[in-house]
Asker: 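Just dropping this structure here.
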Amino acid sequence: MNSMDRSDIREKRRIDNRFLSVVFHPAVLLAFRLVVGAIFIYAALQKIGKPLLFADSIHAYGILDYGILLYLAAIVLPWFELFCGLALVCGILLRGSALLLFILNAVFIIAIAIRTGSIVQGGTPFLEVFFDCGCGFGETYAWKKLLEDIIYLLITGAVLAAPVHKYRLSFGRRSS
Amino acid sequence: MKSLLGALRQAMILAASAFIVGLIYNSFNENGIHPIRKPLRVPVIASNEGGAQAGEGIRIIDIEEAKNFVASGGRVLDARTKESYDEGHIPGAILFDYYSFGTYRARVLPMLSRQETIMVYCSEPSCDDSELLAKELYALGFRNLLLFKGGFAGWVAAGLEVEMTKEQE
């Protein structure tokens, strides 16, 4: 390995470190948590108390048929979002809420991609696929929703992977 | 690894709490659903599918049919919220907010007959509330149901008369 290669690697590491130091900066992490937390709290409040409507929204994905699993998802999913959103905003059980939202977002992305794919196969151009994803924000373009969910996935991933969280409520010993 | 296990433990605490609180809230929510209830598989028949007979399901009607139905004094239910209803509704429509089903069920059902034809509408073609309300009514034994998908927006766009709420309940 010549000196040019070594300096390239050093420069790449320096840039990576600079990027991570920005992403994991306490103020940036707090902003991530507040924004994503507030979005999920709002989304949850749009669905809590309307399980029939949400069950229909889930059913539209064609993944679950009407039955106990679908109804349980319609009843419980908004509460997952609310609890995780509140935990992120308040700074309690941070890594757990980030992990749950990370998993939820991954599932949402897969579900939206499958539904979008089936609509695209029907002849609608990808950028024109427009539906109510049941997310609590009404109808939107599928590509927009996919992009949003990917951003939420990255943010929750950052909150999950952050070595230290400065602004958080702590009960007893600090474990994360 | 230890950090991931800690996150998993926290996630399980959150998930279990949300699950329990969600089920408890649902059992007290007058609009909650029973997780093992039978699905409402009610046929919704499009207006262009000819030959649909009353009692076969919920029939979708267009603005012309809705206009004639209202003009003939037919029973109309407004599935929107009270705020939207108060701001303006189809003349003679009775408020039946789908999301307060338990409340309006007790208030409105005694006024209805299972033999009469009932038209249901909500805000606009993309809203589901009227269809969901119609499905619930179907499950309660109402068989002559008309679904005006154009909703209040369609009614207003057609330049038809609108009624305002005169007195607060």
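Chain letters run A, B, ... following the sequence lines, proteins first, then strands; residues in each count from 1. These figures come from a predicted structure and were not determined experimentally. The figures here come from the full heavy-atom set of this structure, side chains too, leaving out hydrogens, waters and symmetry mates.
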Asker: With a 4.5 Å cut-off on side-chain heavy-atom distances among I, L, V, M, F, W and Y, is there a chain of contacts connecting A/Leu69 to B/Phe19?
Answerer: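 A/Leu69 and B/Phe19: one cluster.
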Asker: How long is the span from the CG atom in B/Leu4 to the CZ atom in A/Arg95, to the nearest 0.5 Å?
Answerer: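 One finds 10.5 Å between CG of B/Leu4 and CZ of A/Arg95.
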Asker: Show the nearest heavy-atom pair for residues B/Ala18 and A/Phe80, with the distance to one decimal.
Answerer: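 Result for this residue pair: CB-CD1, 3.3 Å.
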Asker: Are A/Ile75 and B/Tyr25 close enough that some pair of their side-chain heavy atoms sits under 4.5 Å apart?
Answerer: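 Counting from C-beta outward, A/Ile75 and B/Tyr25 never come under 4.5 Å.
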Asker: Answer yes if B/Leu109 and B/Met111 sit in the same cluster of Ile, Leu, Val, Met, Phe, Trp and Tyr residues linked by side chain heavy atoms under 4.5 Å apart, and no otherwise.
Answerer: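 Yes, one cluster joins them.
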Asker: Non-hydrogen contacts under 4.5 angstrom with chain B: give the residues of residues 97-122 of chain A involved, or none if there are none.
Answerer: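 A/Ser97, A/Leu99, A/Leu100 fall under the 4.5 Å cut-off.
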Asker: Please state whether the side chain, the backbone, both or neither of B/Ile13 comes within less than 4.5 Å of a heavy atom of chain A.
Answerer: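 Contact with chain A: side chain only.
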Asker: Looking only at heavy atoms, which two atoms of B/Asn29 and A/Gly49 are closest? And how far apart?
Answerer: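 So the minimum-distance heavy-atom pair works out to ND2-CA, 3.3 Å.
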Asker: With a 4.5 Å cut-off on side-chain heavy-atom distances among I, L, V, M, F, W and Y, is there a chain of contacts connecting A/Leu77 to B/Met12?
Answerer: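 Each belongs to a different hydrophobic cluster.
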Asker: Return the minimal non-hydrogen interatomic distance between B/Ala7 and A/Leu160, and the atom names on each side.
Answerer: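 Smallest interatomic distance, heavy atoms only, reads CB-CD1, 3.9 Å.
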Asker: Taking a hydrophobic cluster as the set of Ile, Leu, Val, Met, Phe, Trp and Tyr residues connected by side-chain heavy atoms closer than 4.5 Å, whether directly or through intermediates, do A/Leu86 and B/Ile20 fall within one such cluster?
Answerer: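 Looking at the clustering, B/Ile20 is in a separate group from A/Leu86.
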Asker: Could you state the interatomic distance from CG (A/Leu94) to CD (B/Gln10), rounded to the nearest 0.5 Å?
Answerer: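 Going from CG on A/Leu94 over to CD on B/Gln10, the span is 7.5 Å.
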Asker: Decide yes or no for B/Asn26 and A/Pro51: does some side-chain heavy atom of the first lie under 4.5 Å from some side-chain heavy atom of the second?
Answerer: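 When only atoms from C-beta onward are counted, A/Pro51 and B/Asn26 do touch, with a gap below 4.5 Å.
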Asker: Side chain from CB out, backbone as N, CA, C, O: work out which of these in A/Glu139 comes under 4.5 Å of a heavy atom of chain B, or both, or neither.
Answerer: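 Contact with chain B involves the side chain of A/Glu139 alone.
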Asker: Is it the case that over 12 heavy atoms from other parts of the model lie below 6.0 angstrom from the CZ atom of A/Phe24?
Answerer: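 Enclosed: over 12 neighbouring heavy atoms sit under 6.0 Å from CZ of A/Phe24.
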Asker: Which of residues 147-158 of chain B have a heavy atom under 4.5 Å from any heavy atom of chain A?
Answerer: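 Contacts with chain A: none.
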Asker: Got more than 12 heavy atoms from elsewhere within 6.0 Å of CZ, A/Phe130?
Answerer: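 Yes - once you tally the heavy atoms of other residues, nucleotides and ligands closer than 6.0 Å, there are more than 12.
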Asker: When hydrophobic residues are tied together by side-chain contacts of less than 4.5 Å, even through go-betweens, does B/Val70 share a cluster with B/Met164?
Answerer: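 Per the 4.5 Å side-chain linkage, B/Val70 and B/Met164 are co-clustered.
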